[in-house]
Amino acid sequence: MVDNSIPRHWPRASYDPKYDPVVDAGPGHNREHAPTYWIGTAGEPPQDDGPVSGDMEADVVVIGSGYTGLSTAIHLAKEHGIKAVVLEANTVAWGCSTRNGGQAQISSGRLKRSQWIKRWGVDVAKGMHREVSEAFELFEDLIAQDDIDCDPQTGGHYYIAHRDKVMAGLQKESDLLNSTFGYKSRVMSREELHADHVKDQEAAGAMWEPDGTCIHAGKLAFGYVNMARRLGAKIHTASPVMGWETVNGVHHLRTPGGIVKAKSVALATAGYTAPGLNKKTKHRLMPILSNSMVTRPLTNGELADCGIQTKSPLTDTRTLRHYYRLLPDNRMQIGSRSAVTGNDAENGKHLEMLQKGLARKFPALTDINLEYSWWGWVDVSHDMMPRIFQPNPNEKIYYAMGYGGNGVMYSAQAGRRMAQLVAGKKDKAFDLPIFTSPLPSHGLLTPFRRMGQRMAYVWYYLQDEVI
């Protein structure tokens with residue numbers, strides 16, 4: 001006979017390279033981090049509160065201990081006096097937050113300012129710009145705190161034209177940023193980019209934005225953990241939510257170690273959201289795999305050949321974009337698209353594609369030895385924009401996700417906004433569409449999403465490289 005009074009704590013499990021949030025029931029239980037550069041160089045993980053070890057009650061439970069979940073816990077405590085309980089299925093910041101490229105830009109979702117105007121009109125687009133500007137200020141304020149030492153590298157963001165044909169579009173976008181939003185971007189020629197910034201051999205020029213910061217993704221996550229716990233939040237690792245019932249408005253979250261009862265639940269699981277976690281988030285995202293790799297340290301000769309005079313964020317104009325940067329220890333990091341499914345993630349062709357991308361940009365780095373390679377799931381929404389939302393005003397369930405690869409910076413603000421929703425403290429910004437509508441569903445196309453993804457990748461390649 002099983003004694004259910006004894007908490008069932010599972011031993012640490014190995015990293016699963018084939019994990020796939022579209023088909024797997026959940027993200028696992030007490031799994032190791034992915035073998036990223038960030039985990040390899042962040043130092044010892046911070047203390048957490050261990051697995052749930054019995055039934056407990058909480059005012060607010062946050063599911064997910066990544067940037068968004070931790071920011072939610074931080075702002076619930078700082079701004080509303082609420083000490084949240086954070087439930088993490090595996091180890092702290094196990095998902096997107098320790099697998100990204102460490103680039104913070106003044107953006108949210110995948111759409112440009114011109115696309116905001118086309119979708120919502122000028123007034124709403126200006127409101128969105130104010131929102132992301134405020135978000136960037138919040139992010140910079142957070143990383144300046146004593147709890148966080150994440151090796152920030154400032155200097156703006158370089159949006160690099162990978163072909164001549166995109167330069168006219170970059171100039172048009174820069175003109176719009178300046179004239180409509182009062183944001184002082186500027187376009188530079190290939191010659192200026194190479195002489196003063198970086199000798200990307202594909203570059204036809206670039207648009208520079210004043211706001212752009214690179215950070216150490218693992219150190220940022222660990223710093224958020226320290227800050228949240230200092231403010232009174234509890235972070236329970238190895239505590240996946242394996243069942244969810246709502247009884248008389250109280251949420252009963254079943255974990256291996258006990259049931260956590262909560263008045264409010266905030267979901268911050270992003271690209272690692274299990275299909276069965278809650279019907280409000282089921283199939284509301286399209287998880288997309290992104291590959292990253294980090295080279296050995298570059299020699300002085302290689303640095304000179306690459307002409308890298310900045311350590312701030314670099315992204316190119318491909319739809320299937322490359323994001324890349326020079327790390328503080330002079331290693332080069334680059335990332336881009338990867339496999340469609342988890343089962344294919346280890347296929348060497350995806351890493352080879354990334355290596356070829358690096359070599360096109362920097363021929364001196366052709367066949368350079370690698371020290372780290374990993375992949376992670378990006379939370380892309382159906383309409384390419386995030387949502388911070390309460391799906392049913394009669395249920396105290398909230399979510400913040402759908403950043404589409406731009407969550408390093410905006411997740412801080414998204415967590416703050418979700419904390420405001422939980423506390424019932426909305427302000428004027430909540431009139432913006434990312435707060436007033438749910439993540440859109442794929443509807444009848446849901447079973448065919450990956451078929452569509454494969455077709456889209458072919459079309460994007462043709463647009464990016466051929467047409």
Side-chain angles (χ1 to χ4, degrees), residues 7 9 45-95 97 138-139 141-143 145-148 220-241 244 246-270 277-278 388-390 395-401 411-427:
H9 295 162
Q47 290 292 313
D48 56 58
D49 295 283
V52 171
S53 296
D55 294 350
M56 66 173 70
E57 296 184 1
D59 286 333
V60 180
V61 163
V62 178
I63 303 177
S65 71
Y67 297 153
T68 301
L70 295 171
S71 175
T72 303
I74 287 166
H75 289 97
L76 280 170
K78 283 180 67 175
E79 299 184 352
H80 309 291
I82 300 171
K83 296 178 181 179
V85 170
V86 180
L87 299 181
E88 168 58 55
N90 297 299
T91 42
V92 289
W94 175 82
S97 298
L138 173 70
F139 176 76
D141 179 67
L142 280 173
I143 66 174
Q145 302 302 306
D146 291 341
D147 294 289
I148 299 172
L220 176 62
F222 290 176
Y224 280 170
V225 170
N226 290 331
M227 182 180 290
R229 294 185 76 237
R230 176 177 59 79
L231 291 168
K234 299 292 184 183
I235 301 173
H236 292 287
T237 53
S239 299
V241 175
W244 184 337
T246 304
V247 181
N248 297 324
V250 177
H251 304 287
H252 294 232
L253 306 173
R254 180 170 55 84
T255 76
I259 293 175
V260 183
K261 297 179 181 179
K263 298 174 184 176
S264 300
V265 178
L267 293 160
T269 44
L277 180 60
N278 189 278
I388 302 89
F389 191 64
Q390 181 183 8
E395 291 182 327
K396 293 185 176 180
I397 300 173
Y398 313 84
Y399 59 69
M401 54 187 78
S411 58
Q413 177 80 339
R416 176 172 172 263
R417 292 300 191 196
M418 187 150 65
Q420 287 178 273
L421 284 177
V422 171
K425 302 291 185 181
K426 291 184 180 182
D427 58 31

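Listed by chain and number, the residues in a salt bridge (Lys or Arg N to Asp or Glu O under 4.0 Å) with Asp141 amount to none (sequence neighbours excluded).
The distance from atom CG of Leu253 to atom CG of Leu277, rounded to the nearest 0.5 Å, is 8.5 Å. Note that CG of Asn226 is 8.5 Å distant from CD1 of Ile235, once rounded to the nearest 0.5 Å. Put simply, CD1 on Ile388 and OH on Tyr399 are 10.0 Å apart, with the number rounded to the nearest 0.5 Å. The structure places NE2 of His252 at 8.0 Å from OG1 of Thr246, a figure rounded to the nearest 0.5 Å. Separating the OG1 atom in Thr72 from the CZ atom in Arg417 is a distance of 12.5 Å, to the nearest 0.5 Å. Note that CD of Gln420 and CG of Asp427 are 5.0 Å apart. Values are rounded to the nearest 0.5 Å.
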Legend entry - Pair Asp55-Lys261, side chain to side chain contact (heavy atoms under 4.5 Å, CB included): steps then yes or no: CA-CA 8 Å; Asp55 294 350; Lys261 297 179 181 179; over 6 Å; no

Inset, instruction - Mind running side chain to side chain contact (heavy atoms under 4.5 Å, CB included) on Thr237 and Thr91 for me, showing each step along the way? - result: CA-CA 6 Å; Thr237 53; Thr91 42; 5.6 Å; no

Inset, instruction - Could you please spell out the steps behind the side chain to side chain contact (heavy atoms under 4.5 Å, CB included) verdict for Arg416 and Leu138? - result: CA-CA 9 Å; Arg416 176 172 172 263; Leu138 173 70; 3.8 Å; yes

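For His75 against His80, the heavy-atom pair with the smallest separation is O-CD2, 3.5 Å. Between Ala266 and Val422, the shortest heavy-atom distance links the atoms CB-CG2, 4.4 Å. The minimum heavy-atom distance between Ala233 and Asp49, with the atom names listed, is O-OD2, 4.1 Å. Heavy atoms only, all atoms of each residue included: Ser411 and Tyr67 are closest at OG-CB, 3.2 Å. Between Ser239 and Leu87 the shortest heavy-atom distance is O-CB, 3.9 Å. Looking at every heavy atom in both residues, Arg229 comes nearest to Asp48 through NH2-O, 3.6 Å.
Within 6.0 Å of atom CD in Gln145, more than 12 heavy atoms from other residues, nucleotides or ligands are found, so the atom counts as buried in its surroundings. Surrounding CG of Asp146 are at most 12 heavy atoms belonging to other residues, nucleotides or ligands under 6.0 Å away.
Here the side chains of Leu220 and Phe139 are in contact, with some heavy-atom distance below 4.5 Å. Within the 4.5 Å cutoff, side-chain heavy atoms of Thr68 are placed close to those of Met418. No side-chain heavy atom of His251 sits under 4.5 Å from any side-chain heavy atom of Val61. Contact annotation: the side chain of Leu421 approaches that of Lys426 to within less than 4.5 Å [non-hydrogen atoms, C-beta and beyond]. Taking 4.5 Å as the limit, every side-chain heavy atom of Asn278 sits out of range of all side-chain heavy atoms of Val241. Side-chain atoms of His236 and Met56, non-hydrogen and from C-beta on, do get closer than 4.5 Å to each other. Taking the side chain as every heavy atom from C-beta outward, Val265 and Trp244 approach each other to under 4.5 Å. Side-chain atoms of Leu142 and Tyr224, non-hydrogen and from C-beta on, do get closer than 4.5 Å to each other.
Thr255 contributes a side-chain N or O that, together with a main-chain N or O of Gly258, makes up a donor-acceptor pair within less than 3.5 Å. Between the side chain of Ser53 and the backbone N or O of Pro51, at least one donor-acceptor pair lies under 3.5 Å.
Considering Asp147, Ile74, Val92, Val86 as possible partners of Val225, the one that fulfils the side-chain contact (heavy atoms from CB on, under 4.5 Å) test is Val92.
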